[in-house]
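What follows is one structure encoded as structure tokens, with my remarks underneath.
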Protein chains: 2
Amino acid sequence: MKQTLRPASGLRATASARPTIKDVAARCGVHPSTVSRALSPAMKHLVATEVADRIQAAANAIGYRLNMAAKGLRTGRSGLIGVLAPDIADPGFPPVLSGIADHLNAEGYATIVVDVGSKGSEQDLVDRLIARGVDGLVLATVSLRDDVVKHCLDAALPVVLVNRVDAAGQLPSAASDDAAGMRLAVEHLVALGHKRIGHVAGPQEISTGARRRAGFEASAKDAGLPARHTPVEIAETYTRAAGREAALRLLARRTRPTAIVAANDLLALGVYDALAARGLACPGDVSVVGHNDMPFVDMVSPPLTTVRIAQRDMGEAAARLLLARIAAPGASREHIVLAPELIIRGSTIAREH
Amino acid sequence: MKQTLRPASGLRATASARPTIKDVAARCGVHPSTVSRALSPAMKHLVATEVADRIQAAANAIGYRLNMAAKGLRTGRSGLIGVLAPDIADPGFPPVLSGIADHLNAEGYATIVVDVGSKGSEQDLVDRLIARGVDGLVLATVSLRDDVVKHCLDAALPVVLVNRVDAAGQLPSAASDDAAGMRLAVEHLVALGHKRIGHVAGPQEISTGARRRAGFEASAKDAGLPARHTPVEIAETYTRAAGREAALRLLARRTRPTAIVAANDLLALGVYDALAARGLACPGDVSVVGHNDMPFVDMVSPPLTTVRIAQRDMGEAAARLLLARIAAPGASREHIVLAPELIIRGSTIAREH
DNA sequence: ATGAAAGCGCTAACAG
DNA sequence: CTGTTAGCGCTTTCAT
């Protein structure tokens, strides 16, 4: 028998190690479980008020902090949420993230954000998060046919999507109304007298890319514009460079569009680059509309007309959805859709006839 | 005696619960500790290769994942690092963060990023991170006289600073050479013939604000410019609005500067706003230099001349420093300083005489 | 209202 | 090389 009891555990005020529930108990002359109860808001009512106060005081005095790892081990819930982001550096993402994190923090959760872009396989990242015992996942990365979704469902892990949706609509999501956003853009241009409007579409395996394109085509049709006057070119990635290339292809068409709607502000800046490369003026020769209203697009020249999406709200909605899912695993597959808003600036102008 | 053994633990393939080391052990007919050894890279050599392989296979077969909370509880190390950020939405921060996270991830750590701006007391945030058992902290928030620093030192928690330094220089840090950056800016303007150069300084309780200001004043003096021709106005926050106000004050001076150096790109954009408000042209009437080279300042009009700082490297250096600190708690209080670079664009022009 | 006991999943001495 | 044993800090029955 090897009893490795720490000598006089809990009595040494010399403690440099982190105090535990036992230290508090010893100091109050009560049993550790009583301390646990007194310090847990939910169980506090089971303990005499006077004792509870003494325990609270002692805990403060020695600077006791709950050990979440131990609690998590015991309860099976870590209070950790994983967030998979496509690229932290993308200027559109921080507001979403902060919406997510604020809401989650308020509920006592901490968030681990993982940037998928840089490191290898998304599966691996998810597995590492599972190893950390995350109680749920927010995916801002899902592409339309995606194995990660299946992977998470297999792991029986509560998951929500933000800013994206999955092809089958199986997962709860919070996203902007992409079709409505494109309609805003197209109708604005039509009202300005434009009859030939091009679209620089985003990657089609990402839901925003596919849905904005569909929204563009539908709105153009509804406005009575023939397909040959509403050409679409696809950018393979949401980057300025890809936007430039796609716009260049659009401008090389037989009948040049007098306006271009981009699926994204980054793409729109690429359109600016293409225009400059061809010696065309914006908005003089070609009007441009973006999407997302990312920071500082009001400072570029010309200030970009764009569709603002409710990024913070989106993040918050996703967090709420996830928490609901965690509380009731079988719950509703809700899709929250947020209304976009057109911000008119200097990059769109009436078409002189 | 109450033996609550799970019946036939590890034999049920029905398992919907997460498999544990015991399940793997049962499946292989070995003891759990052998599994632990076989699955730990560091201890694997203690186990027969054949057995180790069998264990590995079984683990994969049933989808076993290490439970980090349990491991952490046992070893006292969580593999979690906390990052305190002033504002995730600040466009300057993501590259730093991604430098930190990438390096840390590669070493098996996960990072919890906390945005200080939104929620209450920084102390509380730190305490919550301590409750999570973080192995160390990266502070991107420290102001020059700061109690958080003391709080962390008290908790004997390894800490490094990034992008900032503390007044006493007690903590290891990774930051850009602010003085050198300002010298680059001032000498550039002097070379262009400017003789009256103003400075929109950042908050003086933040090290970048204070050090860039000191750098500005030193460089101006070295260039032979009298103090009355190199006025300084302080912006209370690093925001476009505060930059505008400070610039307005600068422009209201008796002898108007022909160039303005801002402590930060956000501030520089505020200077643009002020110039526009006074009907002055940039760079025609007043040249402007920023600091940080944040995304898309090359797209504003005019494209901003600015001092680029090595943000990603800064993050990576901070991560390295922290890991070193964790490995050897008493280790060197190293200050890593990164060299900045001047990026000349359209907002600075020669002063016609 | 409190104490006792057991165990979450893992690792680290310590025997063999 | 492998099994035994104990325990990290906490919560939660179950008894008092």
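Letters go in sequence order (proteins before strands), and every chain restarts at 1. Everything quoted here is computed from the prediction, not taken from an experiment.
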| Matching residue for A:R37 among A:L46, A:I55, A:V51 - test: side-chain contact (heavy atoms from CB on, under 4.5 Å) | A:L46
| Is there a side-chain polar atom (N or O) of B:S36 under 4.0 Å from OP1 or OP2 of C:dT11? | yes
| request: Record whether the side chain of A:R18 comes under 3.5 Å of the base of D:dG9 through a donor-acceptor pair of N or O atoms. | output: no
| note | note: B:K44, atom NZ; D:dC1, atom P; distance rounded to Å ~ 14 Å
| Counting only distance, no hydrogens or angles, is the base of D:dG3 paired donor-acceptor with the side chain of B:R37 under 3.5 Å? | yes
| field | A:K71 or B:A48, whichever maps to the more 5' nucleotide of DNA chain D | value | B:A48
| For the pair made of CD1 in A:I21 and P in D:dC8, what is the distance, rounded to whole Å? | 13 Å
| Under 4.0 Å: is that the gap between some side-chain N or O of A:S33 and OP1 or OP2 of C:dG3? | no
| message | Could you tell me how far apart B:D23 (CG) and C:dC10 (C1') are, to the nearest whole angstrom? | response | 13 Å
| message | Looking at A:R54 and A:C28, would you say the former's side chain and the latter's main chain have a donor-acceptor pair under 3.5 Å? | response | yes
| Given atom CE of B:M43 and atom C1' of C:dT11, what is their separation to the nearest angstrom? | 9 Å
| Rounded to the nearest Å, what distance is computed from the CZ atom of residue B:R74 to the P atom of nucleotide C:dG7? | 18 Å
| message | Rounding to an integer number of Å, can you tell me how far B:Y64 OH sits from C:dG9 C1'? | response | 7 Å
| request: Could you tell me the separation between the NE2 atom of A:H45 and the P atom of D:dT12, rounded to a whole number of Å? | output: 12 Å
| query | Is the backbone of B:G169 close enough, under 3.5 Å, to the side chain of B:H335 for a donor and an acceptor to pair up by distance? | reply | yes
| What integer distance in Å separates A:L46:CG from C:dA4:P? | 18 Å
| field | Short N-O contact, B:R312 and B:E316, less than 4.0 angstrom | value | no
